[in-house]
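Shown next, in structure tokens, is the structure this report addresses.
Below, read A as the first sequence line, B as the second, and so on, with proteins coming before strands; counting in each chain starts at 1.
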Amino acid sequence: MPELPEVETYARQLKPQLLGHSFVDAHVTWPRMVVFPDVESLPIRLRGLKVRDVTRRGKYLKLELSSEAQLLIHLKMSGRLRIEPITVSPEAHDRIRFGLDDGRELRFNDTRKFGRVYLLGPNDQDRSPLNQLGPEPLDETFTVEEFARRLSRRAGAMKPLLLDQSFIAGLGNIYADESLFQARIHPLRRADTLTEQEIESLHSAIRCVLQRSIDCLGVSFDFVYTGGLHDPGATYQCQLQVYQRQGLACSWCGQPIERMVIGGRGTHFCPVCQRR
DNA sequence: TAAATCCTGTCA
DNA sequence: TGACAGGATTTA
């Protein structure tokens, strides 16, 4: 499940591949994945637009295009991206193929069909899903003070809050669990009860965990994200402390990691190190 | 606040 | 064969 570090890795790897190239068309085999514009208009609007930059916002991959347009891609659960010559046969579950001006295609493969694409012009900004996103955790403007202010206004449990993209952008199930563990905060802990020290610790944990994963090209699991474009190289899965480690020894205290369902999501934590 | 929804591969 | 995972949105 691609989260901030995995999408960041894609952005970095796609940028040199796409910069300066124009799109010539788009083939969509699962129309639901195109949110805006309608599927018929997508190839027409996309034709001729040149890639100016490839960046990331939250879990969205953002292709800045000519004419002030932008192509947003959300990989959701099972989305993967590849670039291949048009002469190479598409794979199973290739849902959208974006044709480039040099005979290559950007291929959006998504087994579960949850992935989403938006092509937005300068007049479509009110439709941008980026409008709903909270602060970017690795940005300099995301300060402890800002974090503390936002936490103090929330009475719910920490785990669902960290997954709320309007509270903070980019964290998913893996990094929410890992961050709470590193800060030694129980996932059910009420947000507005965190001490100043805990807030500081969590702020630092979130940034540390994300940055270290980016340095490792993210996490890669079977059949899901493969750590970038063509060379699976993601290694952060080897450094996970709690995620999917229920029953295994906590690296701090040796007690078994537990798993419980919070807000409908599998949640992994150490019952000894993470106090409620 | 919780559950249903969209999906398919995996696993029991 | 049926339960389940899981991001984000929608509905109860």
Side-chain angles (χ1 to χ4, degrees), chain A residues 1-10 28-36 39 56-62 72-81 90-96 107-118 120 126-137 151 153-180 187-193 206 209-210 213 218-226 236-237 240 242-247 257-269:
Chain A
M1 39 244 67
E3 304 178 26
L4 187 155
E6 290 77 26
V7 181
E8 179 67 29
T9 302
Y10 268 125
V28 181
T29 59
W30 195 259
R32 254 180 195 282
M33 289 176 58
V34 180
V35 180
F36 187 88
V39 203
R56 175 197 60 73
R57 171 77 170 102
K59 298 178 198 172
Y60 288 86
L61 184 71
K62 182 161 63 166
L72 304 177
I73 299 176
H74 198 304
L75 300 169
K76 290 285 180 90
M77 300 297 302
S78 55
R80 305 160 84 160
L81 295 167
E91 287 182 10
H93 313 310
D94 278 349
R95 309 297 183 191
I96 306 178
R107 293 174 169 175
F108 187 178
N109 184 286
D110 187 6
T111 306
R112 292 180 198 171
K113 303 173 176 172
F114 285 169
R116 294 292 181 262
V117 161
Y118 306 71
L120 304 168
D126 55 326
R127 296 175 173 273
S128 175
L130 305 185
N131 297 339
Q132 322 303 328
L133 294 182
E136 196 61 42
L151 282 167
R153 293 191 219 107
R154 300 296 197 114
M158 281 309 301
K159 173 64 188 280
L161 188 58
L162 292 184
L163 294 179
D164 181 347
Q165 301 299 298
S166 68
F167 179 76
I168 183 169
L171 294 183
N173 218 26
I174 297 174
Y175 299 105
D177 284 0
E178 292 298 315
S179 298
L180 286 170
L188 281 175
R189 184 70 178 282
R190 253 182 71 151
D192 58 6
T193 67
I206 289 169
V209 162
L210 292 175
S213 182
V219 163
S220 184
F221 286 125
D222 296 341
F223 303 109
V224 191
Y225 172 75
T226 56
Y236 196 69
Q237 63 275 11
L240 296 177
V242 286
Y243 185 78
Q244 291 279 291
R245 290 179 57 82
Q246 58 271 29
I257 298 301
E258 286 185 11
R259 180 185 189 275
M260 68 188 298
V261 175
I262 301 176
R265 296 286 167 256
T267 300
H268 315 78
F269 66 104

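At least one side-chain heavy atom of A:Tyr243 sits under 4.5 Å from a side-chain heavy atom of A:Asn173. Contact annotation: the side chain of A:Leu180 never approaches that of A:Arg189 to less than 4.5 Å [non-hydrogen atoms, C-beta and beyond]. Two residues are said to be in side-chain contact when any heavy atoms from C-beta on lie closer than 4.5 Å; A:Arg56 and A:Leu4 meet this criterion.
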I need a per-nucleotide contact map over nucleotides 7-12 of chain C, read 5' to 3'. Cutoff is protein heavy atoms under 4.0 Å; write B for the base, S for backbone only, - otherwise. BB----

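For residues 164-177 of chain A, the pairs satisfying salt bridge (Lys or Arg N to Asp or Glu O under 4.0 Å) are A:Arg154-A:Asp164, A:Lys159-A:Asp177, with sequence neighbours left out.
The distance from atom CG of A:Leu161 to atom P of B:dA2 is 14 Å, rounded to the nearest whole Å. A straight line from CZ of A:Arg80 to P of B:dG9 spans 12 Å, rounded to a whole angstrom. Separating the CD atom of A:Glu91 from the C1' atom of B:dT8 is a distance of 17 Å, rounded to the nearest angstrom. In this structure, A:His93 atom NE2 and B:dT8 atom P are separated by 8 Å, rounded to whole Å. B:dT8 atom C1' lies 15 Å from atom CZ of A:Arg32, rounded to whole Å.
Rounded to the nearest 0.5 Å, atoms CD1 (A:Ile168) and CD (A:Glu136) are 8.5 Å apart. To the nearest 0.5 Å, atoms NZ (A:Lys59) and CE (A:Met1) are separated by 10.5 Å. Note that CZ of A:Arg259 is 5.0 Å distant from NE2 of A:His268, once rounded to the nearest 0.5 Å. A distance of 9.5 Å separates CG of A:Leu75 from CD of A:Glu6, quoted to the nearest 0.5 Å.
Remark on the helix from B:dT1-C:dA12 to B:dA12-C:dT1: inter-end axis angle 60°, axes from five-pair C1' superpositions, rounded to 10°.
Contact annotation for A:Gly266: backbone-only contact, meaning every heavy-atom pair under 4.0 Å involves sugar-phosphate atoms and none involves a base. A:Phe167 comes within contact range of no nucleotide atom at all, as no heavy-atom separation falls under 4.0 Å. Counting any heavy atom pair closer than 4.0 Å across all strands shown, A:Arg116 reaches no nucleic acid atom.
Under 3.5 Å, the side chains of A:Tyr60 and A:Gln165 contain no donor-acceptor pair of N or O atoms.
Between A:Arg259 and C:dA5 there is a side-chain N or O to OP1 or OP2 distance below 4.0 Å.
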